[in-house]
Amino acid sequence: MFDSPVVFEPIFKERIWGGRNLAASLGKKLPANKRIGESWEIVDRPEAQSIVREGPLAGRSLHDLWVNFREELFGGVPDAPRFPLLIKLLDAQEKLSLQVHPPPEIAESLGGEAKTEFWYVLAAEPNAEIFVGLRKSMTRDQFENALNSGTVADCVHPIRTKSGAAMLLPSGRFHAIGAGNLLVEVQQNSDTTYRVFDWNRVDDQGEPRQLQVDQALQCIDFNDVAPEPITPSGEVLVRNEPFEVQKWSLDSQRALAPPGQFAVVLCLNGALQCAGLEFAPGDFFLVPASLPDRSIYPGGEGTSLLRVTIPM
């Protein structure tokens with residue numbers, strides 16, 4: 001059954017900070033007149049399911065595949081109730097809220113899910129920034145005082161971004177994406193976010209967005225000071241328990257993964273060919289663990305890709 005990569009339909013999410021850059025830069029077919037901030041490319045959640053676009057599995061959900069074709073598609077990955085990763089594209093035309101995701105030891109007590117995530121910058125406008133960690137170590141009381149006095153934005157550490165920059169955001173790290181960034185986000189399968197400050201924005205009805213300050217204060221690492229972007233180790237951008245992300249520059253045929261191991265691939269530049277299918281920048285596909293033809297070919301000069309797997 002698995003004689004080609006699996007391609008899913010993206011799920012577009014309207015966001016107050018979103019725009020139309022996923023169409024302009026990556027050719028995504030966005031719904032008209034909507035500010036789309038996120039494209040959920042690989043997702044297995046109760047409220048959102050990736051659906052196979054074509055082929056013998058067309059119309060089936062990622063959860064269906066995870067339950068019924070685990071070994072053939074995903075190999076010997078650790079057992080879990082759902083596919084453990086959520087992979088997105090993000091178009092930030094305005095700043096996202098200052099926020100935090102809960103660490104494992106706190107998440108359950110708050111009724112949430114732990115989340116470590118990774119950002120890869122596809123494109124950045126001049127002077128675009130991300131906000132990651134704190135400028136200096138502080139106590140919870142000092143942070144609360146800054147929040148109450150309206151100066152909490154001065155506490156977060158800004159980093160200028162550029163295409164190709166990468167950042168790890170372990171759970172507990174205070175953060176936000178700044179305006180003018182087009183990102184890939186690889187994360188644990190969680191949708192728990194505690195917002196601290198949303199730049200005093202209001203929605204179309206004039207209402208501010210809901211904040212979760214009490215929960216956030218229990219999660220923020222107040223000693224996480226001025227973290228730096230990732231310095232790659234060869235092709236490896238990040239490798240931790242939830243996921244591994246590599247960046248390949250491809251100038252000749254190469255096997256995407258050894259037999260028995262799956263990989264999720266994003267074409268960054270140029271073009272890719274795999275098992276008879278062609279992919280352009282912005283296209284994602286899943287290479288099944290049992291796929292016989294595991295070779296990938298560049299479709300031109302300057303071809304590059306991100307390769308996402310789960311360490312075993």
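Every heavy atom of this structure was used, including side-chain atoms; hydrogens, water molecules and symmetry mates were not. Positions are given from 1, in the same order as the sequence printed here.
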Please walk me through it: do Q246 and E244 pass side-chain hydrogen bond (donor to acceptor under 3.5 Å, both in side chains)?
CA-CA 7 Å; Q246 297 185 10; E244 177 181 300; 2.6 Å; yes
Do [X] and [Y] have side chains that approach each other closer than 4.5 Å (heavy atoms only, starting at C-beta)?
X: Q218; Y: L110; result: yes
X: H157; Y: V225; result: no
X: L256; Y: F285; result: yes
X: D221; Y: F174; result: no
X: D154; Y: V152; result: no
X: I177; Y: L183; result: yes
X: F243; Y: T116; result: yes
X: K34; Y: R20; result: yes

Taking all heavy atoms of [X] and all of [Y], pick out the closest pair and write down the distance.
X: A176; Y: S97; answer: CB-O, 3.3 Å
X: S171; Y: P104; answer: OG-CD, 3.7 Å
X: W66; Y: R70; answer: O-NE, 2.8 Å
X: W17; Y: R201; answer: CB-NH1, 3.9 Å
X: A275; Y: D3; answer: CB-O, 3.9 Å
X: A271; Y: T303; answer: O-CG2, 3.2 Å

Close aromatic pair by centroid cut-off 6.0 Å: F8 and F284:
no
In terms of ring plane angle, is the pair H175 and H101 parallel, tilted or perpendicular, where the classes change at 30° and 60°?
tilted
Atom [atom1] of [X] and atom [atom2] of [Y]: how far apart are they, to the nearest 0.5 Å?
X: Q273; Y: C267; atom1: CD; atom2: SG; result: 10.5 Å
X: L30; Y: F12; atom1: CG; atom2: CZ; result: 5.0 Å
X: E235; Y: L306; atom1: CD; atom2: CG; result: 11.5 Å
X: I11; Y: S39; atom1: CD1; atom2: OG; result: 8.5 Å
X: D44; Y: S50; atom1: CG; atom2: OG; result: 8.0 Å
X: L237; Y: I230; atom1: CG; atom2: CD1; result: 6.0 Å

Step-by-step salt bridge (charged side-chain N to carboxylate O under 4.0 Å, His left out) determination, R35 to E94
CA-CA 11 Å; R35 297 171 65 176; E94 299 179 13; 2.9 Å; yes
[X] side-chain N/O to [Y] backbone N/O, donor-acceptor pair under 3.5 Å:
X: N181; Y: E129; value: yes
X: R294; Y: P288; value: yes
X: Q187; Y: S190; value: yes
X: D64; Y: R60; value: no
X: S149; Y: A146; value: yes
X: N148; Y: N145; value: no
X: D91; Y: N21; value: yes
X: T161; Y: A128; value: yes
X: S233; Y: V236; value: no

If Ile, Leu, Val, Met, Phe, Trp and Tyr residues are connected whenever their side-chain heavy atoms lie under 4.5 Å apart, and connections chain through other members, are [X] and [Y] in the same group?
X: L169; Y: L96; answer: yes
X: L266; Y: F118; answer: yes
X: I42; Y: Y120; answer: yes
X: V7; Y: F2; answer: no
X: M167; Y: V186; answer: no

Cationic N near anionic O, under 4.0 Å, [X] to [Y]:
X: E41; Y: K28; answer: yes
X: R195; Y: D198; answer: no
X: K88; Y: E185; answer: yes
X: K13; Y: E38; answer: no

When you look at L134 and F143, which way does the side-chain contact (heavy atoms from CB on, under 4.5 Å) test go after all the steps?
CA-CA 10 Å; L134 298 170; F143 185 89; 4.2 Å; yes
Show your reasoning for whether side-chain contact (heavy atoms from CB on, under 4.5 Å) applies to V213 and L147.
CA-CA 9 Å; V213 174; L147 188 60; 3.4 Å; yes
As a quick check of understanding, evaluate ring-ring contact (aromatic ring centres under 6.0 Å, His included) for F74 and F69, giving each step before the final call.
CA-CA 8 Å; F74 303 101; F69 302 98; 9.7 Å; no
Taking atom CD of E144 as the centre, does the number of heavy atoms from other residues, nucleotides or ligands within less than 6.0 Å exceed 12?
yes
Please check if the number of heavy atoms outside E241 that lie under 6.0 Å from its CD is greater than 12.
no
Within residues 156-182 or reaching into it, pairs that qualify as salt bridge (charged side-chain N to carboxylate O under 4.0 Å, His left out) - sequence neighbours excluded
R173-D224
Do you see a donor-acceptor pair shorter than 3.5 Å between the side chains of E125 and N127?
no
Indicate whether the side chain of S295 and that of Q253 have a donor and an acceptor atom separated by less than 3.5 Å.
yes
Please assess V6 against L73 for the test side-chain contact (heavy atoms from CB on, under 4.5 Å), listing each intermediate value before the final yes or no.
CA-CA 9 Å; V6 180; L73 272 172; 4.0 Å; yes
May I ask you to check if R254 and W248 form a cation-pi contact, with NZ or CZ under 6.0 angstrom from the six-membered ring centre and within 45° of the axis?
yes
Let's go through L26 and L122 carefully: what are the C-alpha distance in whole Å and the side-chain angles of both, what is the deciding distance for side-chain contact (heavy atoms from CB on, under 4.5 Å) to 0.1 Å, and is it a yes or a no?
CA-CA 10 Å; L26 299 177; L122 295 173; 4.1 Å; yes
